[in-house]
Amino acid sequence: MPSIMKTAGVLAGLAAIASALPAQPKLNWSQRSIYNIAKRQNAAAAALGLQDVDILQFALTLEWLEATFYQQGFAMFGDDKFAALGLNEAQLSDLKSVGSSEESHVGLLQSSIAQAGVQPVQPCEYDFGFTDAQGMIATAAILESVGISAYLGAAPLVSDGKILSTAASILSVEARHQSFVRIASGVAASPSPLDTPLGPKAVFSLAAPFIKSCPAGSNLILTAFPPLMMTDPSPAAGVMALAEGTMLKLQSDAASDAKFCGFTNSAAPGGTAFSAFSADMGCALPPNLAGTVYVTLTSSAPDTGMLTDDITLAGPMVMNLS
């Protein structure tokens with residue numbers, strides 16, 4: 001399993017913000033909330049040992065995965081296989097342009113990393129597990145959602161404005177990719193008003209099952225959380241229509257130590273809604289969730305709705321809700 005190339009140091013930008021504040025700042029509730037988020041994000045970056053160039057390497061790792069995914073898919077399945085799914089000629093052309101965009105993202109990130117005097121990571125060997133065009137489209141919807149969450153989650157960890165601008169230019173295109181893939185799949189293009197950020201370790205845990213091995217010098221220092229899968233209701237490709245309170249049975253090697261399920265979604269107060277978990281019964285689906293939901297097993301359920309790596313035991317897994 002790949003473990004991101006480590007460079008020394010922490011993010012200077014957020015540290016400067018924290019050190020510039022007075023010892024006893026008089027902040028209103030909103031300002032205090034922003035300040036506390038900045039402190040948590042800076043601490044998380046410091047704990048992982050990530051600098052700006054590491055964030056770029058992490059982004060390149062994901063872009064290599066996405067670019068290779070589309071290359072392999074289009075090599076395996078002819079145009080007729082996608083036409084059989086109901087895609088017209090224009091939609092098929094758009095789908096292929098998504099793959100071309102991912103290759104362009106690879107080139108942009110390689111250039112940015114090289115300009116920093118660092119050797120860019122190389123592509124890994126992957127196993128995407130799809131056996132037909134429909135499976136490829138379903139996996140594409142997941143990868144595009146994870147890509148958006150990865151860029152959103154990494155943005156507060158970046159201190160260099162130029163790098164942040166580069167990442168933002170990629171993020172906006174990834175969002176268009178996601179909308180197109182959802183439309184091509186016959187589901188709502190934008191099921192929720194906000195997208196959901198994820199931290200680097202959570203994103204890597206979602207990418208890791210697709211990665212078989214990486215070349216020397218292209219491994220990451222991140223290690224994945226134990227995998228999590230849903231056994232009931234039966235997992236389904238695409239969107240699932242599940243009612244509030246539906247019991248979800250989850251399976252993981254870490255399940256015996258878990259006390260709660262975390263449902264990370266933009267609609268959840270604080271970012272994550274929690275419900276009690278037992279290995280026998282599972283956990284209940286919280287209300288008001290829609291779109292892409294990231295499910296984890298956790299050791300506690302903070303009232304703030306703040307999911308952190310130190311309480312995450314397994315996952316995340318992706319669940320798309322109508």
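Position 1 is the first residue of the sequence, and the numbers go up from there. These figures come from a predicted structure and were not determined experimentally.
A donor atom on one side chain and an acceptor atom on the other are found under 3.5 Å apart for Q71 and E103. T196 and Y294 are not linked by any side-chain donor-acceptor pair at a separation below 3.5 angstrom, with hydrogens and angles left out of the test. Checked by atom type, the side-chain pair T61/Q57 shows no donor-acceptor distance below 3.5 Å.
Taking hydrophobic clusters as Ile, Leu, Val, Met, Phe, Trp and Tyr residues chained together by side-chain heavy-atom distances below 4.5 Å, V173 does not share a cluster with V106. Y151 and F180 fall within a single hydrophobic cluster, where Ile, Leu, Val, Met, Phe, Trp and Tyr are joined by side-chain heavy atoms under 4.5 Å apart, directly or via other members.
Among pairs with a residue in residues 253-279, none fulfils ring pair (Phe, Tyr, Trp, His ring centres under 6.0 Å), at least two apart in sequence or across chains. The ring pair (Phe, Tyr, Trp, His ring centres under 6.0 Å) contacts involving residues 207-231 comprise F128-F210, where partners must be two or more places apart or lie in separate chains. Listed by first and then second residue, the ring pair (Phe, Tyr, Trp, His ring centres under 6.0 Å) pairs that reach into residues 75-118 are F74-F82, F77-F130, sequence neighbours excluded.
Counted within 6.0 Å of CG on D80, heavy atoms from surrounding residues, nucleotides or ligands total more than 12; the atom is thus considered enclosed. Around atom CG of D253, no more than 12 heavy atoms belonging to other residues, nucleotides or ligands sit under 6.0 Å away.
Note that CD1 of I148 and CD1 of I170 are 13.0 Å apart. Values are rounded to the nearest 0.5 Å. Taking CG of N288 as the start and OG of S192 as the end, the distance is 12.5 Å to the nearest 0.5 Å. Rounded to the nearest 0.5 angstrom, T308 OG1 and M306 CE are separated by 7.0 Å. Separating the OG atom in S300 from the CG atom in D310 is a distance of 7.5 Å, to the nearest 0.5 Å. The CG atom of L60 lies 5.5 Å from the CD atom of Q110; values are rounded to the nearest 0.5 Å. The distance from atom OG of S179 to atom CD of E144, rounded to the nearest 0.5 Å, is 10.0 Å.
Residues V293 and T264 have side chains not in contact (no heavy-atom distance under 4.5 Å, counting atoms from C-beta outward). Within the 4.5 Å cutoff, no side-chain heavy atoms of T131 are placed close to those of M136. Side chains of K249 and M229 form no contact here, defined as non-hydrogen atoms less than 4.5 Å apart. Side chains of M319 and L248 form a contact here, defined as non-hydrogen atoms less than 4.5 Å apart. Under the 4.5 Å side-chain criterion, counting only non-hydrogen atoms from C-beta, Q115 is not in contact with K162. Using a 4.5 Å cut-off on side-chain heavy atoms (C-beta onward), H177 and E102 make contact. The shortest side-chain heavy-atom distance between T231 and L250 does not fall under the 4.5 Å cut-off.
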Donor-acceptor contacts, no H, no angles, side chain residues 87-94, under 3.5 Å, sequence neighbours left out:
residue: N88; atom: OD1; partner: A90; partner atom: N; Å: 3.1
residue: N88; atom: OD1; partner: Q91; partner atom: N; Å: 2.7
residue: Q91; atom: OE1; partner: N88; partner atom: N; Å: 3.0

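Partners of A141 under the side chain to side chain contact (heavy atoms under 4.5 Å, CB included) rule, at least two apart in sequence or in another chain, are V181. Residues that satisfy the side chain to side chain donor-acceptor pair (under 3.5 Å) test with S145, not counting sequence neighbours, are Q178, T292.
The closest donor-acceptor contact from the side chain of S205 to the backbone of K201 lies under 3.5 Å.
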Test log, rule side-chain contact (heavy atoms from CB on, under 4.5 Å), inputs V118 and L56: CA-CA 10 Å; V118 176; L56 288 177; over 6 Å; no
